[in-house]
Amino acid sequence: MKRRTLLALLAALLLALLAGCASANSEQTKDYPMNYGGRVTLRILSGSENRELEAILDDFAREKKINIEMEYRGSLDIMRALQNGAPGYDAVWPASSLWLTAGDTGYKVKHAASVSVTPVVFGIRQSLAEELGFVDREISVADLLEAIRSGRLRFCMTSATQSNSGCSAYIGFLYALLGRPEVITSEELADPALGEEITALLAGVDRSSGSSDWLKDLFLTGGYDAMVNYECLIISANQTLEERGEETLYAVYPYDGLSLADSPLGYLDNGDGAKEEAFLTLQDYLLSDEVQQRIQRTGRRTGYEGVSAGNEDIFRAGWGIQPDRVLSPIRMPAADVLFECLDLYQTQFRKPSLTVYCLDYSGSMYGGGRQQLVAAMAQILIQENAAANLLQASAEDVNILIPFDSEARGVYTAAGNGAELEGLYVQVDAESTDGGTDLYAAAREALKVLQGYDLDRYTPAIILMTDGMSDGSYRNFRRDYEALGRDIPVFSIMFGDADPEQLEDLAELTHARVFDGREDLVEAFRSVKGYN
């Protein structure tokens, strides 16, 4: 990629931030408030992997009478929020210090300290790991690439441009394939041999996700052979699999491309002394010996060498977990090279996306609903906008539009990332609102369209947006979906008076999820696209 392209990307990011891109993401979730009558409330912007620490945080809130509100977002969203000053938050807790360094351009973060450490590893079904010869020996990224090229290994992974675990794994792959340089440079990224190898490696991705925690949940729905995720989430998945009596995962640490999440918790200095004191109380609590032992019980390490003897039952050697392994992570590239890596991932290296948008143009979408829908699709299809969120299309991507009311109105296709994609947006803007709502008819039409493609070449998905209760038959859609026999997620965006039960049924059937677009439809579309 040429330097001017990188500068354009960074400029686009800055413009998006100034325009309010760091506003609340519709994918963010707030769990139950940890409120026990305290006079101070800490609002913490956190990575989703910290959900499993909520019991520890709840005990703190109850004991210290300091209220806690957690909001979960992806690592890049946290970085963007920091670049915009993270208004409304008192602390930030991303997966990696990388996002503090890249995001805290205003030097607002104080007292940052690592709470835990977890490496990013491959978790491979035990029987498959044995078949591949990956048990009880050191494995390189080249070994993984060979297994992928031979068709013996496919895996699930979060998007490198939307989640820290995916980004960390991807940078580790690049580092190893480049021969473990002192640091990755722009010149090395231009090597055609690197492009061929990383493209071949990422072709092994079965399913993508915008969240590490959701990726674990997806894997537990069954039918997948491997996933790239945090060691602690591999352990968590194995605990569930073992409880079910199912085959567990074997952890593989690529020795030449190992990356770590160091979970830094930092205070956002807003000049409030009471908040700062409450934060330091929380941080001291989390770093205390007793609580560090509890954190280890969740599968997180609390240092770079070993775990406590009393916690070795969590870090089980039979699962391939190596608690005594000295963690020597790769060196992350400088911020400008990091963004160059991410831009290359999105536009050249990742497995191409095949996305069908089923968009509701029923009569109830008249006015503001239609306007929001058109604005949302502008963020995906107009590439200058998409680049601001690292969601731009590649030359191999295929995007398909199926507008619907009481039936599917037509099928419009755009291949690549050029004029056809802009033309698809023109069609989105040209559709008028009228008629009833039958999302199942549109989704069944999407399945018919997808049958015309070699789905092994793509990461396919159906993105369905509706504002009402659907007519039509879920049973007929289910019949068609099961007859197709392919793992194609139907991600739904709920808007207006959409029936959440209907959308959840589609999500459960297709191993997908529902996004809430009722407060901000534009952000909902940005979030769901991060899963494809």
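Using a cutoff of 4.0 Å between basic side-chain nitrogens and carboxylate oxygens, E52 and K216 are scored as salt-bridged. Salt bridge absent: R73 and E49 never bring a charged side-chain N and a carboxylate O closer than 4.0 Å. Salt bridge annotation for D505-R475: absent, with no cationic side-chain nitrogen under 4.0 angstrom from a carboxylate oxygen. With salt bridges taken as basic N to acidic carboxylate O contacts below 4.0 Å, one links D313 and R297. Salt bridge annotation for R51-D213: present, with a cationic side-chain nitrogen under 4.0 angstrom from a carboxylate oxygen.
Closest approach of N164 to Y230, counting heavy atoms only: ND2-OH, 2.9 Å. The shortest non-hydrogen separation linking V109 to G266 is CG1-CA, 3.9 Å. E197 approaches L177 most closely through the heavy-atom pair OE1-CD2, 3.7 Å. Minimum heavy-atom separation, D256 to Y175: O-CD2, 3.3 Å. For V490 against A512, the heavy-atom pair with the smallest separation is O-CB, 3.3 Å. Here the closest non-hydrogen pair linking I148 and A200 is CG2-O, 3.5 Å.
Ring orientation note: the planes of H511 and Y224 are nearly perpendicular, at an angle over 60° on the 30°/60° scale. Between Y453 and Y458, the angle of the ring planes goes over 60°, which puts this pair in the perpendicular group of the 30/60° scheme. Using a 30° and 60° split on the angle between ring planes, F155 and F173 fall in the perpendicular class, above 60°.
A cation-pi arrangement, defined by a distance under 6.0 Å to the six-membered ring centre and an angle within 45 degrees of its axis, is absent between R444 and F477.
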For S308 and Q293, what are the C-alpha separation, side-chain angles and deciding distance, and is it a side chain to side chain donor-acceptor pair (under 3.5 Å)?
-> CA-CA 8 Å; S308 301; Q293 290 300 306; 2.8 Å; yes
Give the intermediate values and the outcome of side chain to side chain donor-acceptor pair (under 3.5 Å) for residues S353 and R350.
-> CA-CA 9 Å; S353 295; R350 65 178 169 84; 3.0 Å; yes
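F315 has its side chain within reach of R301: a pair of non-hydrogen atoms, C-beta onward, lies under 4.5 Å apart. Two residues are said to be in side-chain contact when any heavy atoms from C-beta on lie closer than 4.5 Å; I44 and E69 fail this criterion.
A ring-centre distance under 6.0 Å is found for F515 and Y531. In summary, the aromatic rings of Y250 and F134 are positioned with their centroids too far apart to meet the 6.0 Å limit.
With 3.5 Å as the limit, one finds a donor-acceptor pair spanning the side chains of D343 and Q392.
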